[in-house]
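Computed from a predicted structure; not experimentally measured.
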Amino acid sequence: MSNSIQLVVVGATGLVGQAVLELLAQRQLPVGRVFAVDAADKEGETAAYGNLELDVHPIDGFAFENVALAIFAAGGELAREYAPQARAAGAAVVDFSSAFRADDSVPLVIPAINGALLADAGEAALVSVPNCTVTPLALALAALRPLGLQRVSVATYQSVSGSGQAAMEELADQTTALFSQRETESRVYDKRIAFNVLPQIGALDADGVSEEERSVESELTRLLDLPQLQVEATCVRVPVFFGHAWAVNVAFEHEFDMEQARKRLLAAGLQVVAADKLGGYVTPMEATGNEAVWVSRLRGKGRTLSFWLAADNVKAGAALNCVNIAEALLKQNDLI
């Protein structure tokens, strides 16, 4: 164990990168230094790490041999180019992008579900972090897996922060324009997002399934180790800045006990809201800013169970999993 360990957060100026730095500072891991790194156009900016303001270094030329672990909270393009360089320099890599999620040779991990996969990762590991839409849903379904999952049908209600800072600015600009009776401009999304919902996230394939829907299906079955699980997803972008929500319907192989389902969700660390608490349900706004995955509107009969999920997509859906994986890798290698 050593406090001379050094880490780097790539994509430190982005929403997920900022949240990763916040969580790292809160955890107070015994590391000597944390570097903030991003694309060349971010040079000269700073990123908050606890009470410190870190200078942002350009990724081109960054000396990865000086760090034990790199958390990539940038896009797939940067990850594909620089993650192999970081590993070649001896650093373990935790990547939150789509770059390696579909690669069966790269473990796709949520420690609470399949953390055992990290045991074989090695010191210069490459670990992929699931989509922020998938992680809270997978945590709930993993808790219910012992009851015999047969089919999952889910509709997602995804905030614009899932598309990054530019999408948040677009929602703000369009809202202001509409209240000012001016024409709106759409740069990030194909159609206006303000006061609207967009039932397509990513390109559609030949079957009419969007990239996000395909991601939900493939990542869920892989994380749960249930390749035959039927997953039907409809992914929708909504005019909310932060916080995703999910309307979930699950079919089990046999009739189930509602109290047992509730207890399993609680035992897995999810916050299950009773009908007489918090108005009976939790909204994305109420879930924003905390690390919890909230379950409400829990109901069902026979072999089907329905519930409403809400979580902070940036913190609970993305950054927390990055930090949990990073901490697990460092402990596994006796570095902290």
Nearest heavy-atom approach of D95 to A99 is OD2-CB, 4.0 Å
In terms of the angle between their ring planes, are F62 and H57 parallel, tilted or perpendicular, with boundaries placed at 30° and 60°? tilted
Smallest heavy-atom separation, A112 atom then L139 atom, equals CB-CD2, 4.0 Å
Minimal heavy-atom distance between F64 and A70, with the atoms involved, is CE2-CB, 4.2 Å
**Message:** Atom CZ of residue position F252 - does it have more than 12 heavy atoms of other residues, nucleotides or ligands inside 6.0 Å?
**Reply:** yes
*asked:* Just checking E53: does its CD atom have more than 12 heavy atoms from other residues, nucleotides or ligands closer to it than 6.0 angstrom?
replied: yes
**Asked** Is the count of non-hydrogen atoms from other residues, nucleotides or ligands lying under 6.0 Å from R151 atom CZ greater than 12?
**Response** yes
Quiz item: Should V216 and N131 be marked as a side-chain contact (heavy atoms from CB on, under 4.5 Å) after you check the CA-CA gap, both sets of side-chain angles, and the distance that decides it?
Solution: CA-CA 8 Å; V216 170; N131 188 325; 5.6 Å; no
*Steps toward side chain to side chain donor-acceptor pair (under 3.5 Å) verdict (Q26, E22)*: CA-CA 6 Å; Q26 290 173 357; E22 178 186 346; 3.2 Å; yes
Tell me whether E169 is salt-bridged to R187, with the criterion being a basic N under 4.0 Å from an acidic carboxylate O.
no
For G300, does its backbone N or O pair with a side-chain atom of T304 as donor and acceptor, under 3.5 Å?
-> no
Note: D312 and A287 closest approach over all heavy atoms is CB-O, 3.6 Å
Is the number of heavy atoms from other residues, nucleotides or ligands under 6.0 Å of D190 CG greater than 12? no
The reported gap from OG1 in T175 to CZ in R192 (rounded to nearest 0.5 angstrom) is 8.5 Å
Next on the checklist: Check this for me, if you would: do E259 and R262 make a salt bridge, where the nitrogen-to-carboxylate-oxygen distance has to be below 4.0 angstrom?
Outcome noted: yes
Going by chain and number, the hydrophobic cluster around Y157 (ILVMFWY, side chain to side chain under 4.5 Å) further includes V197, V236, V238, V240, W308
* Is there a donor-acceptor pair closer than 3.5 Å between any side-chain N or O of R264 and the backbone N or O of L144? -> no
Establish whether L15 and L24 are linked, either directly or via other cluster members, by ILVMFWY side-chain heavy-atom contacts under 4.5 Å. yes
Residues pairing under ring pair (Phe, Tyr, Trp, His ring centres under 6.0 Å) where one sits in residues 169-204, two or more places apart or in two chains, turn out to be F179-F195
Would R33 and V67 count as a side-chain contact (heavy atoms from CB on, under 4.5 Å) here? Give the steps. CA-CA 9 Å; R33 186 174 181 183; V67 300; over 6 Å; no
In terms of heavy-atom contacts, D38 and A12 come closest through OD2-N, 3.3 Å
Notebook entry, point to check: Hey, is CG on N196 packed in by over 12 heavy atoms from elsewhere, all under 6.0 Å?
Noted result: yes
Cation-pi geometry met for R101 and F96 (6.0 Å, 45°) = yes
Please say yes or no: joined through hydrophobic side-chain contacts below 4.5 Å, possibly via intermediate residues, are I193 and M168 part of one cluster? yes
With C235 as partner, the option from E211, E213, H244 fulfilling side-chain contact (heavy atoms from CB on, under 4.5 Å) is E213
Main-chain N/O of T46 paired to D55 side chain as donor or acceptor, under 3.5 Å | no
Q: State, without any angle test, whether T184 and E170 hold a side-chain donor-acceptor pair at a distance under 3.5 Å.
A: no
- prompt: How about N66: does its CG atom have over 12 heavy atoms from other parts shown lying under 6.0 Å from it?
  reply: yes
- Query: Among the clusters formed by ILVMFWY side chains lying less than 4.5 Å apart, do V8 and V56 turn up in the same one?
  - Reply: no
With a sphere of 6.0 Å drawn around CD of E77, does it hold more than 12 non-hydrogen atoms of other residues, nucleotides or ligands? no
Same apolar cluster (I L V M F W Y, side chains within < 4.5 Å links), V10/L126:
yes
Legend entry - Worked check of side-chain contact (heavy atoms from CB on, under 4.5 Å) between S159 and N313: CA-CA 8 Å; S159 63; N313 55 299; 3.2 Å; yes
(request) Look at the side-chain heavy atoms of Ile, Leu, Val, Met, Phe, Trp and Tyr, link any pair under 4.5 Å apart, and say whether I71 and I325 land in one connected group. (result) yes
- Task: Determine yes or no for a side-chain-to-main-chain donor-acceptor pair under 3.5 angstrom, with W246 supplying the side chain and T133 the backbone.
- Result: yes
Practice task
Let me see the working for R145 and L224 under side-chain contact (heavy atoms from CB on, under 4.5 Å), right down to the final yes or no.
Solution key: CA-CA 8 Å; R145 181 171 47 185; L224 297 172; 4.2 Å; yes
What one should report as the nearest heavy-atom pair of Y49 and A25 is CE1-N, 3.6 Å
Please test E212 against S215 for side chain to side chain donor-acceptor pair (under 3.5 Å), starting from the C-alpha separation and ending with a verdict.
-> CA-CA 5 Å; E212 189 81 351; S215 175; 5.2 Å; no
